[in-house]
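What you see below is based on every heavy atom in this structure, not just the backbone, and it leaves out hydrogens, waters and symmetry mates. In what follows, every chain begins at residue 1, and chains take the letters A, B, ... in the order their sequences are listed.
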There are 2 protein chains.
Amino acid sequence: MPADTLTSGIDSFKQAALSCPLPAAVELIGEKWAFLILRGALNGLRHFEEFQAGLGIARNILSDRLSKMVAGGILERKPDPEDGRRVIYSLTPKGEGLLPVVLALRQWGEEWGYGSMRVQLADRRDGRPVRKIGVQAHDGRDLTLNDLTWIEREDSAALRTAAE
Amino acid sequence: MPADTLTSGIDSFKQAALSCPLPAAVELIGEKWAFLILRGALNGLRHFEEFQAGLGIARNILSDRLSKMVAGGILERKPDPEDGRRVIYSLTPKGEGLLPVVLALRQWGEEWGYGSMRVQLADRRDGRPVRKIGVQAHDGRDLTLNDLTWIEREDSAALRTAAE
DNA sequence: CGGTATCCACATGGATACTG
DNA sequence: CAGTATCCATGTGGATACCG
C-alpha cells in the first residue's frame, strides 16, 4: 500500500467524487445570475420585470436563466392568478429546497465582511432569529471539517432509484 | 398604503437586498469551477496537478481561479512541507466556512436525483452520518420558507465594524 | 511540478429595438 | 407586461506549447 503518493490523493478524491451530485447541481445553479434569481424568488419576486429591475440583469440573460431554471424544475411558470394576462415565476418545492444553500452562503458572506443586512430571517412563531447554518452531528452538535470522516453507505442508492 | 402593487414587490425586495452580502459572495465563489475547486479542497486535493487532473479543468482557467480564490482569502498558497519545491493550496478558516454551503448543495442534489455518492460524511467521534443541513429555529426545530419572516436587526452592524 | 503564453471557438452580458 | 431579436464587446474554456 503506497504511502502518501501524489496519485493516492487524486484517486481517493476521484473515488469520493464518483457520482457526486455536486457537478450536476452546480451546472444548474452554480452561476451568478441563477443564484441571484433564486434569492429574488425566495424574497418574493415573481414577475419578469421585477427580476429585471431588482437584479439589474439584461433581459435576454434573464430570459435565458428563467427558462433554464424552469426546465430544471426550480421555478414554475404560470399565469398570475390576480391578472391572467401576466406571468409569475414561483419556486417549486425543489426550488425551496435551495433555501439552506442560499442562506448558508449569505451567512458566510456576512461573517466575512461582505456586507450585512438590516433585516434578518426569523422564525415567524416566536420572532427569534434563525440559527447559523452549519454541519451538525446526529445529536445536533456543530461539527467542523476536522470532526468529519467519510463512511460507506449502508443503504444502496441503486435500490432506491429502482424502487421509485 | 398601497395594496399589492408591482412596485411594492420590488421595493420590499430592494429594501431587503440592501447591503446583502450575497452578491459579493457570489462574485467570489458563485461559479462552476470555483465550486468544484472548493469541493476538491474540502476533499483533500492540494496540488495544482491534482486539481487539474481531478476536475478536468483547463490549466489556464485553473490558474486563474486559484489566484482569485487565494486573493479572496479562501485558499492559501504555500510550499509543501514534504517537498519545499512543490506548492500546496489549502483551505483557510474562511474557506472552511463554506463547507455548509457545499454540503447543503450536495445534499440537495442528492435529494433531487442528481446522483448519490457511495460514501457519506460522518461524525468521526461516533461514525454516525451528519444531519441534513437546513434552516433551524433557535431551539433547533426545522423551518421551511413559510415559517420564516423578516425582522429588524437589534444590533447595529456599523457599531461592530467600527469596534473591530 | 506549477505554472504562463497563445490561439481560437464559443458563451455571456449589456444595450437597444421590436412584438404580441 | 413578457418576452424575442440583434449587435457587439468581452470573458470563458479547451488545447497545446513552452518555461523555470
Side-chain angles (χ1 to χ4, degrees), chain A residues 4-11 13 23 26-38 40-41 44-72 75-90, chain B residues 4-11 13 23 26-38 40-41 44-72 75-90:
Chain A
D4 247 314
T5 64
L6 168 67
T7 41
S8 79
I10 301 184
D11 290 350
F13 169 74
V26 161
E27 210 63 42
L28 192 51
I29 57 136
E31 187 264 341
K32 178 184 167 189
W33 289 121
F35 242 97
L36 296 178
I37 289 171
L38 187 61
L45 296 190
R46 300 153 61 92
H47 297 104
F48 187 94
E49 305 288 326
E50 286 179 322
F51 285 105
Q52 203 279 315
L55 274 54
I57 182 178
R59 303 176 70 83
N60 51 353
I61 304 296
L62 175 59
S63 178
D64 176 81
R65 294 300 187 282
L66 287 175
S67 303
K68 283 179 180 166
M69 291 170 78
V70 168
L75 294 178
E76 202 174 358
R77 184 188 194 274
K78 52 188 176 188
D80 187 337
E82 291 164 11
D83 178 352
R85 298 165 311 184
R86 300 184 68 189
V87 171
I88 63 172
Y89 293 91
S90 58
Chain B
D4 248 314
T5 64
L6 167 67
T7 40
S8 79
I10 301 183
D11 290 350
F13 169 74
V26 161
E27 210 64 42
L28 192 50
I29 58 137
E31 187 262 342
K32 179 185 167 188
W33 289 121
F35 243 97
L36 296 178
I37 289 171
L38 188 60
L45 296 190
R46 299 153 64 92
H47 297 105
F48 187 94
E49 306 287 326
E50 285 178 322
F51 285 104
Q52 203 278 317
L55 274 51
I57 182 177
R59 304 175 69 83
N60 50 355
I61 305 295
L62 175 59
S63 177
D64 176 81
R65 293 300 187 282
L66 287 175
S67 303
K68 284 179 180 166
M69 292 170 77
V70 168
L75 294 178
E76 202 174 359
R77 184 187 195 277
K78 51 190 177 187
D80 186 338
E82 290 163 10
D83 178 352
R85 298 165 311 184
R86 299 186 68 191
V87 170
I88 62 172
Y89 293 91
S90 59

Take the protein atom CZ of B/F51 and the nucleotide atom C1' of C/dG3, then report the distance between them rounded to whole Å. 15 Å

Would you find a donor on one side and an acceptor on the other, under 3.5 Å apart, between the side chain of A/E50 and the backbone of A/R46? yes

Minimum heavy-atom distance B/R65-B/I37, with the two atoms named: CB-CD1, 3.5 Å

Rounded to whole angstrom units, what separation is found between the CG atom of B/L62 and the P atom of C/dC1? 14 Å

Whole Å only: how far is the CG atom of B/L45 from the P atom of C/dC1? 14 Å

Rounding to a whole Å, what distance do you find between A/I61:CD1 and D/dA9:P? 16 Å

Nucleotide D/dA2, atom P - distance to CG of A/L55 in whole Å: 15 Å

When you measure from the side chain of B/E31 to the backbone N and O of A/G30, does any donor-acceptor pair fall under 3.5 Å? no

Nearest-angstrom distance from the residue atom CG of A/D64 to P of D/dA5: 13 Å

Comparing nearest nucleotides in DNA chain D, the 5'-proximal residue of the pair A/L66, B/I57 is A/L66

Closest nucleotide of DNA chain C for A/R59 versus for A/G56: which of these residues is on the 5' side? A/G56

Looking at C/dT12, D/dA2, D/dT4, which one has an atom nearest to any side-chain atom of A/S63? D/dT4

Of all the choices, C/dG2, D/dA2, C/dT12, which nucleotide is nearest to the side chain of A/E49 once you look at every atom? D/dA2

Rounded to whole Å, the CD-P distance (A/E27 to D/dT12) equals 16 Å

Ignoring backbone atoms, test whether A/Y89 places a side-chain nitrogen or oxygen under 4.0 Å from the OP1 or OP2 oxygen of D/dG3. yes

Would you mind reading off the distance between A/R46 atom CZ and D/dA2 atom C1', rounded to a whole angstrom? 15 Å

By nearest atom, which of the nucleotides C/dG2, D/dC1, C/dG13 is closest to the A/R65 side chain? C/dG13

Are B/L66 and B/R77 side-chain neighbours, meaning at least one heavy-atom pair lies under 4.5 Å? no

N or O in side chain of B/R77 less than 4.0 angstrom from C/dG3 OP1/OP2: yes

Would you say D/dA2 has OP1 or OP2 under 4.0 Å from some side-chain N or O of A/R86? yes

Hey, does the side chain of B/W33 come within less than 4.0 Å of D/dT12's phosphate (OP1/OP2), counting only N and O? no

Identify whether any heavy atom of B/N60 sits under 4.0 Å from a base atom; if not, whether one sits that close to sugar-phosphate; answer base, sugar-phosphate or nothing. base

Identify the heavy atoms of A/M69 and A/L38 that sit nearest to each other, and give their distance. CE-N, 4.2 Å

